Amino acid sequence: MGKSRTKRFKRPQFSPTGDCQAEAAAANGTEPEEDDGPAAELLEKLQHPSAEVRECACAGLARLVQQRPVLPGLARRDAVRRLGPLLLDPSLAVRETAAGALRNLSACGGFEVCDDMVTKDIMTPLVALLKECSTGLDSNEMSPQKKKDQNRNSIENIANEAVNVLWNICECSSRAVSLFNKEGCLEIVLKYLSRFSTNVDLAISVAYCLQTVTEDNPELLKSFSTPALHVLESAMLSPVNSMEYFLLKTLVAGTIWNLKDIIPSKSQAEIINAILKILSEVLEMDAGETVIQMKEAETQRIKTAAETEDTLQNANGDDLMEDDEMEEIPHRRKVRRKTFISDLLPPTDKELREAIALLTAQQTALEIVVNICCSEDPTDDEWEELSSSDESDAFMESSLSECGGQLLSPLCLSHEVHTALTHHLLPKKIFDKTAFPNSIAVDVCSRNPTWKPLIRKMNTIQCRALVCLQSLVSLLDVDHLGGPAALQTLAQHLSQLLFSQPDFAKHVDFLEAISSALRALLQTMASKNIPQCMTPDQLMTLCTAGVHSSNVGVRVNVVSILGITGSVLAKEDGTLDILKTIGYFLLEVATKDPCLVVAGEALDALFDVFADGKEAEMASVQIKLLSTLKEFQPVFKMKIRKEGRTKYSPDQLCVLDNVKMNLRRFVAYQEIVEKRLTT
């Protein structure tokens with residue numbers, strides 16, 4: 001039903017909690033008691049006079065909220081209103097653990113829980129805490145060095161938890177974003193971001209938050225002053241190249257892309273180049289090799305620590321024996337335990353964190369490229385209204401090289417994006433990311449529980465790269481993609497990826513991503529008369545597996561692929577049998593798929609395949625296309641009338657109405673064809 005449009009990427013959230021969870025719990029015999037067990041006890045302890053007890057209660061709740069069945073009980077007991085005041089508790093430790101509990105609650109609870117948190121006024125103490133942390137960091141600079149370091153670490157840890165809460169609820173609630181704008185949160189979080197050189201973890205949390213709140217938020221864009229833009233520029237252009245800094249720079253690049261409407265025309269080309277240069281550098285890295293190297297480094301570090309520990313044990317054997325003896329004498333008060341070097345070193349998972357940071361940076365980079373590719377062109381009026389304030393002009397002129405001209409038109413901006421994408425070889429680097437993850441890296445991660453989640457991250461990068469490839473194929477000219485031969489090579493590569501997986505139909509995310517990429521690629525090749533590479537057997541294998549998928553996107557893609565390929569075959573000789581197979585298949589989908597969107601796509605594909613060509617006309621008569629469509633026509637109209645308003649969006653209904661109209665015209669055309677061929 002027309003050219004598909006890639007959707008913008010959003011961070012996935014858990015489904016909202018609600019009655020369905022309570023029903024499931026009841027069905028399993030695990031329905032919570034009226035007192036909600038440990039939740040009730042922990043919530044009561046939040047009011048305890050001892051700060052240590054309050055801290056422990058917050059820590060307990062932080063763990064408990066990760067068990068989704070308990071969330072309705074916590075909501076009934078007003079957990080948010082009980083935790084909120086503790087964000088301003090006299091004890092810094094309580095503040096940090098309370099923010100941690102709210103962070104987990106907002107992350108695990110989904111949209112409903114986050115919206116409820118805003119309703120229960122969590123933003124008031126949260127914003128107050130963020131302001132206090134900002135003030136505390138400023139005043140702390142005047143303290144003695146040792147105390148300064150201790151206070152700074154505590155305050156920055158609290159700020160990090162608080163920013164994560166802010167990010168989570170702003171991502172789920174437009175009301176939270178409005179309050180972010182109204183309460184001046186931008187200035188606060190930018191102050192935290194400016195500390196990126198001393199606390200990259202806090203800066204990354206801020207960058208995530210900024211990327212969320214700057215998307216489709218014109219009111220906030222007005223608040224970005226020259227100093228604010230300088231902070232972003234400093235972070236994005238940081239010379240440090242650790243994995244965590246790659247993640248930070250990628251996130252800031254995404255934020256700056258969201259601010260493109262306030263960037264003056266003189267600097268837009270430079271900004272686009274700077275953003276895509278960072279994304280290119282991130283995607284250039286071999287994630288599989290990095291994972292292997294990091295795991296080896298971790299193994300070596302642990303081995304070295306163990307050897308050092310053994311050496312100290314052997315060197316101090318007599319003392320350790322004395323310690324053991326002292327522990328066995330009950331009347332002595334002074335009891336020393338064995339102290340190993342590992343007890344004195346802070347626990348670290350530096351290598352794992354670095355590996356995760358790189359994988360996350362690459363996933364984020366691919367998502368930003370997709371969002372760049374599918375950004376809607378603004379209207380002429382919107383382009384005339386773009387900000388070109390003196391402050392913004394001054395910043396960009398001082399920060400980046402000058403280039404004259406007025407504000408870029410949508411066409412010019414598109415040209416700049418095309419040029420920058422190809423200049424930084426992003427199509428090639430994205431193509432490389434579509435391969436399956438490094439098998440050695442997968443094996444290494446599968447043998448260690450803490451590293452095993454990285455396998456899913458590597459698979460996600462492949463899927464994001466395939467969706468990104470779809471966007472590039474739809475956006476760029478054939479020459480920018482390497483020419484016809486490169487597209488044929490790409491088609492062979494995608495076919496090989498697909499059919500090298502005997503059970504590809506089971507991997508829904510992969511199947512949706514690769515079918516989307518194939519759909520866009522085959523459409524481009526067909527429009528440029530480039531010979532296609534999939535054999536009829538491969539085509540039908542993909543479509544047969546895809547049409548039985550529970551994922552509507554997969555079903556729509558494979559039906560569209562069949563229509564594209566069939567329309568090409570219809571112009572060739574000797575294709576009668578395969579056209580009949582395609583026709584039967586599409587009729588089956590159109591008349592039996594429960595989703596009208598899929599049925600409409602199948603009808604659209606039939607219109608394309610049997611619109612023209614001698615072989616197509618013969619095939620249409622032999623499969624009784626006309627009589628089947630005539631019989632289905634009133635059924636389709638009735639389904640649209642009955643289900644349309646309740647199950648489908650206005651845009652989908654508009655497309656379905658067009659299909660209905662085209663069906664009437666196509667039936668009239670087929671009547672002419674059949675009459676001509678049968679007389």
Side-chain angles (χ1 to χ4, degrees), residues 11 137 149 152-153 156-157 159-161 163-164 167 189-211 230-257 274-302 304-305 345-369 424 426 429 432-433 437-438 441 444-445 448 450-451 453-454 457-458 460-461 464:
R11 189 168 63 107
L137 288 172
D149 291 342
R152 184 189 67 202
N153 289 340
E156 288 183 347
N157 289 343
N160 191 27
E161 296 291 349
V163 169
N164 274 278
W167 169 35
V189 297
L190 282 172
K191 184 179 287 187
Y192 296 153
L193 180 62
S194 67
R195 308 177 73 88
F196 68 87
S197 60
T198 58
N199 193 329
V200 70
D201 288 339
L202 176 58
I204 287 171
S205 297
V206 170
Y208 270 120
C209 186
L210 284 173
Q211 194 181 22
H230 269 303
V231 172
L232 293 174
E233 183 196 23
S234 298
M236 186 174 77
L237 301 180
S238 168
V240 182
N241 284 329
S242 71
M243 305 307 169
E244 288 170 322
Y245 272 85
F246 274 129
L247 175 56
L248 173 63
K249 291 190 280 188
T250 302
L251 292 167
V252 174
T255 299
I256 292 176
W257 172 257
I275 291 171
L276 292 178
K277 181 175 182 290
I278 288 166
L279 303 186
S280 177
E281 289 173 353
V282 169
L283 293 173
E284 192 170 17
M285 299 190 69
D286 188 327
E289 284 299 320
T290 300
V291 168
I292 294 168
Q293 292 168 10
M294 290 295 169
K295 187 66 185 75
E296 288 174 349
E298 181 193 67
T299 302
Q300 185 59 46
R301 174 177 57 79
I302 293 171
T304 301
L345 295 173
T348 178
D349 53 358
K350 182 179 185 300
E351 297 85 4
L352 179 59
R353 286 166 56 86
E354 291 274 306
I356 290 173
L358 176 60
L359 293 174
T360 307
Q362 292 196 339
Q363 178 181 330
T364 304
L366 291 166
E367 291 170 358
I368 292 171
V369 173
H424 293 293
L426 275 165
K429 291 169 184 176
D432 292 342
K433 296 299 175 189
N438 184 313
V444 165
C445 292
N448 190 298
T450 57
W451 286 71
L454 271 63
K457 283 188 169 290
M458 288 186 278
T460 299
I461 287 172
R464 292 292 189 268

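Worth saying up front: this structure is predicted, and the values here are computed from it rather than measured. Worth knowing before you read on, the calculation uses all heavy atoms, side chains too, and leaves out hydrogens, waters and symmetry mates.
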- Query: Side chain of Asn438, backbone of Ala441: donor and acceptor closer than 3.5 Å?
  - Reply: yes
- Note on the structure: Note: Glu156 and Asn199 closest approach over all heavy atoms is OE1-ND2, 2.7 Å
- Query: Do Leu232 and Leu193 touch side chain to side chain, with heavy atoms closer than 4.5 Å?
  - Reply: yes
- Query: Got a second to check how far Cys445's SG is from Ile292's CD1, nearest 0.5 Å?
  - Reply: 8.5 Å
- At their closest point, which heavy atom of Ile204 faces which heavy atom of Glu244, and how far apart are they? CD1-O, 3.6 Å
- Check: Ser280 side chain, Leu276 main-chain N or O, donor-acceptor pair, under 3.5 Å: no
- Query: Relative to each other, are the rings of Trp167 and Tyr208 parallel, tilted or perpendicular (30° and 60° limits)?
  - Reply: parallel
- Smallest heavy-atom separation, Ala287 atom then Leu359 atom, equals CB-CD2, 3.6 Å
- Query: Would you say the side chain of Asp201 lies within less than 4.5 Å of the side chain of Arg353, judging by non-hydrogen atoms?
  - Reply: yes
- Query: Closest heavy-atom contact between Leu247 and Ala357?
  - Reply: CB-O, 3.9 Å
- Note on the structure: Distance col, row Leu251:CG vs Cys209:SG, nearest 0.5 angstrom, shows 11.5 Å
- Query: Can you list the steps and then say if Gln211 with Ile368 is a side chain to side chain contact (heavy atoms under 4.5 Å, CB included)?
  - Reply: CA-CA 10 Å; Gln211 194 181 22; Ile368 292 171; 3.7 Å; yes
- When rounded to the nearest 0.5 Å, the distance separating OG1 of Thr460 from CD of Gln362 is 12.5 Å
- Without swapping roles, check the side chain of Asn157 against the backbone of Asn153 for a donor-acceptor pair under 3.5 Å. yes
- Query: Once you round to the nearest 0.5 Å, how far does CG of Leu202 lie from CG of Asn164?
  - Reply: 9.0 Å
- Item | Side chains of Ser238 and Lys249, donor plus acceptor under 3.5 Å | no
- Task: Consider only side-chain N and O atoms of Glu296 and Gln300, and report whether a donor and an acceptor are under 3.5 Å apart.
- Result: no
- Item | Criterion side chain to side chain contact (heavy atoms under 4.5 Å, CB included) on Lys457 and Val291, from CA distance to verdict | CA-CA 11 Å; Lys457 283 188 169 290; Val291 168; over 6 Å; no
- Find out whether Leu352 and Leu454 are in side-chain contact, i.e. whether some heavy atom of one side chain is under 4.5 Å from a heavy atom of the other. yes
- Message: Does any part of the side chain of Leu210, heavy atoms only, come nearer than 4.5 Å to the side chain of Leu190, both counted from C-beta?
- Response: yes
- Query: Taking all atoms of both residues into account, what is the closest heavy-atom pair of Val252 and Ala207, and its distance?
  - Reply: CG2-CB, 4.1 Å
- What is the distance from atom CZ of Arg301 to atom CE of Met294, rounded to the nearest 0.5 Å? 11.5 Å
- With Met236, which of Val231, Ile256, Leu248, Thr255 fulfils side-chain contact (heavy atoms from CB on, under 4.5 Å)? Ile256
- Item | Shortest non-hydrogen contact from Ser205 toward Asn160 | OG-OD1, 2.5 Å
- Item | Separation of Glu284 CD from Lys433 NZ (nearest 0.5 Å) | 9.0 Å
- Just by distance, do the side chain of Tyr245 and the backbone of Phe196 share a donor-acceptor pair under 3.5 Å? yes
